[in-house]
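From a predicted model like this one, the values you see are computed outputs, not experimental measurements.
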Amino acid sequence: EIFISLTANPKMLSTYIQDHNDPVIIDEIQKIPHLLDEVHRLIEDKKLQFILTGSSARKLRRLGVNMLGGRAYTYFMYPLTAAELGEDFTLKHALKFGTLPLAITSESPHRFLQSYVKTYLKEEIQLEGFTRNLAAFSRFLQAASFSQAAPLNISAVAADCSVERKVVEDYFQILRDLLLSIEIPLFKKRAKRELIAKSKFFFFDAGVFRALRPTGPLDAESELNGPALETLILHHLKAMNDYLDWNYEISYWHTRNHEEVDLVLYGPRGFFAIEVKNAARIRPQDFSGLELFHEDYPQAKRFLIYGGTENKIRSGIQIIPAEQFLHEIKDLLTH
């Protein structure tokens, strides 16, 4: 009833707000975009504070509505981190199911994630009219899952899901607008080598990636855990970067000869190069990207995060178990 009332007449918002000093919380603000004009008026006239939450700014931008420029702070909320979960965090569970709250607390996290993906497709994609061809979009999501933690090749994804390239470009924009994906740029400050020119793609949560990725008897668990671990590391980096105002630029480094550093942090607090390996044992070739990066950027502190259990240092590279890194990320990246 409230939704229908406010859709018909956004100015009715004030009738639901009693006089008090507490912030007014409106969830899913994108569903009634024109409420923002009334929010703006109430901020100016009654000096009210609002907390506006939503999972998409696409509809707001498309309608050209009041985005409260200069009057609002924007915050992003991420899947739960190891610091937030404490003893409830286990790497094995996080790699398979991610760290969305219900993926942690549900008795059947796999069923929750499958339901989450299907519900999101139905409610956010179809009902908002982002695309009429839901079958094509579903194929696209599965094809995009094979690009997880890899440089994004839109033509290859289009071919895999049998959808035109221009449509696939629009689909990737939908993922960005719905905050379902993350793309990190190439690190190219003072580049000394020829680099590729593609962003690196991630679904925002390891569990969502695993729910979307088609699997069969020929798919080894290690093939899925590698991208899942890098996704987990990235989401922790982005969460801590935003929550603690670190102001790092998060990127990756990839040469034309396919030497790569998975994640690069650059900012006022420091300069870090991070390589992520899911394997429990480190091979000599696992250091090649970090060693080459060191030749060009000797100022960077280097980490190799892996699936083993021992801390080591080799040629100036700190080798650290993944679970330890996730728990100690705040200390490791601020010293």
Side-chain angles (χ1 to χ4, degrees), residues 7 27-36 52-67 74-79 98 100 102-103 112-186 197-214 227-228 230-231 234-235 238-239 242 250:
T7 301
D27 190 24
E28 302 291 3
I29 186 67
Q30 79 277 4
K31 294 186 181 295
I32 311 180
H34 293 293
L35 272 184
L36 287 166
L52 309 172
T53 67
S55 56
S56 169
R58 185 180 180 89
K59 192 173 183 179
L60 303 182
R61 286 200 298 268
R62 190 174 68 223
L63 296 177
V65 297
N66 188 340
M67 297 295 283
T74 300
Y75 296 91
F76 291 94
M77 298 186 72
Y78 297 88
L100 289 175
L102 282 175
F112 156 71
L113 287 165
Q114 291 296 331
S115 176
Y116 175 89
V117 169
K118 292 176 183 177
T119 301
Y120 217 92
L121 278 174
K122 181 179 178 182
E123 292 187 357
E124 299 295 334
I125 305 300
Q126 192 173 38
L127 295 185
E128 294 291 346
F130 293 151
T131 177
R132 295 180 180 179
N133 192 340
L134 201 58
F137 191 79
S138 298
R139 295 199 308 273
F140 155 75
L141 287 175
Q142 289 189 343
S145 71
F146 287 93
S147 296
Q148 187 79 358
L152 183 57
N153 186 330
I154 293 178
S155 296
V157 174
D160 288 344
C161 63
S162 302
V163 177
E164 293 182 7
R165 179 191 165 91
K166 180 64 176 70
V167 175
V168 167
E169 289 177 353
D170 292 340
Y171 286 171
F172 274 114
Q173 188 59 50
I174 289 172
L175 294 184
R176 298 182 195 107
D177 289 342
L178 293 178
L179 310 181
L180 288 171
S181 70
I182 300 168
E183 291 178 32
I184 59 174
L186 194 71
K198 295 176 180 177
S199 60
K200 196 172 185 179
F201 174 84
F202 297 83
F203 282 103
F204 78 103
D205 173 74
V208 171
F209 152 65
R210 294 288 295 261
L212 287 169
R213 176 72 176 263
E230 192 173 336
T231 303
L234 174 63
H235 116 235
K238 288 188 69 67
D242 278 2
I250 302 177

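- For the residue pair D205 and Y78, no side-chain donor N or O sits within less than 3.5 Å of a side-chain acceptor on the partner.
- One distance of note links NZ of K238 with CD1 of I182; it measures 5.5 Å at 0.5 Å rounding.
- Taking the six-membered ring for Trp and thresholds of 30 and 60 degrees, Y171 and F140 have ring planes inclined between 30 and 60 degrees apart.
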>> Does L180 form a side-chain contact (heavy atoms from CB on, under 4.5 Å) with V208? I'd like the steps, not just the answer.
In response: CA-CA 9 Å; L180 288 171; V208 171; 5.5 Å; no
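- Rounding to the nearest 0.5 angstrom, the gap separating the CZ atom in R210 from the OG1 atom in T231 is 10.5 Å.
- Side-chain contact between F172 and I154: present, with at least one pair of heavy atoms (C-beta onward) separated by less than 4.5 Å.
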> Stepwise, does the salt bridge (charged side-chain N to carboxylate O under 4.0 Å, His left out) test hold for D170 with K166?
Replying inline: CA-CA 6 Å; D170 292 340; K166 180 64 176 70; 3.1 Å; yes
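- Under 3.5 Å, the side chains of R165 and S155 contain a donor-acceptor pair of N or O atoms.
- Looking at K198 and N153, their side chains come closer than 4.5 Å, going by heavy atoms from C-beta outward.
- Atom CD1 of I250 is separated from atom CG of D242 by 7.5 Å, given to the nearest 0.5 angstrom.
- In terms of heavy atoms, P214 sits closest to F146 at CD-CE1, 3.7 Å.
- Between F204 and L175, every side-chain heavy-atom pair lies at or beyond the 4.5 Å cut-off.
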> Under the side-chain contact (heavy atoms from CB on, under 4.5 Å) criterion, do V168 and C161 qualify, and how do the steps go?
Replying inline: CA-CA 9 Å; V168 167; C161 63; 4.1 Å; yes
> Could you walk me through whether F137 and V163 pass the side-chain contact (heavy atoms from CB on, under 4.5 Å) check?
Replying inline: CA-CA 9 Å; F137 191 79; V163 177; over 6 Å; no
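- No donor-acceptor contact under 3.5 angstrom links the side chains of T53 and E28, judged on distance only.
- Across all non-hydrogen atoms, the minimal contact from F209 to A228 is CE2-N, 4.0 Å.
- Atoms CG and CG, from L141 and L212 in turn, are 5.5 Å apart once rounded to the nearest 0.5 Å.
- Salt bridge annotation for E183-K200: absent, with no cationic side-chain nitrogen under 4.0 angstrom from a carboxylate oxygen.
- Under the 30°/60° scheme for interplanar angles, the aromatic rings of F203 and F201 are found to stand perpendicular.
- The structure places CG of L113 at 6.5 Å from CG of L100, a figure rounded to the nearest 0.5 Å.
- Put simply, the side chain of V157 reaches to within 4.5 Å of the side chain of S147, judged on heavy atoms.
- Between atom CG of residue L35 and atom CD of residue Q30 there is a gap of 11.5 Å, rounded to the nearest 0.5 Å.
- Using a 3.5 Å distance cut-off with no hydrogens or angles, the side chains of R139 and Q142 do not pair a donor with an acceptor.
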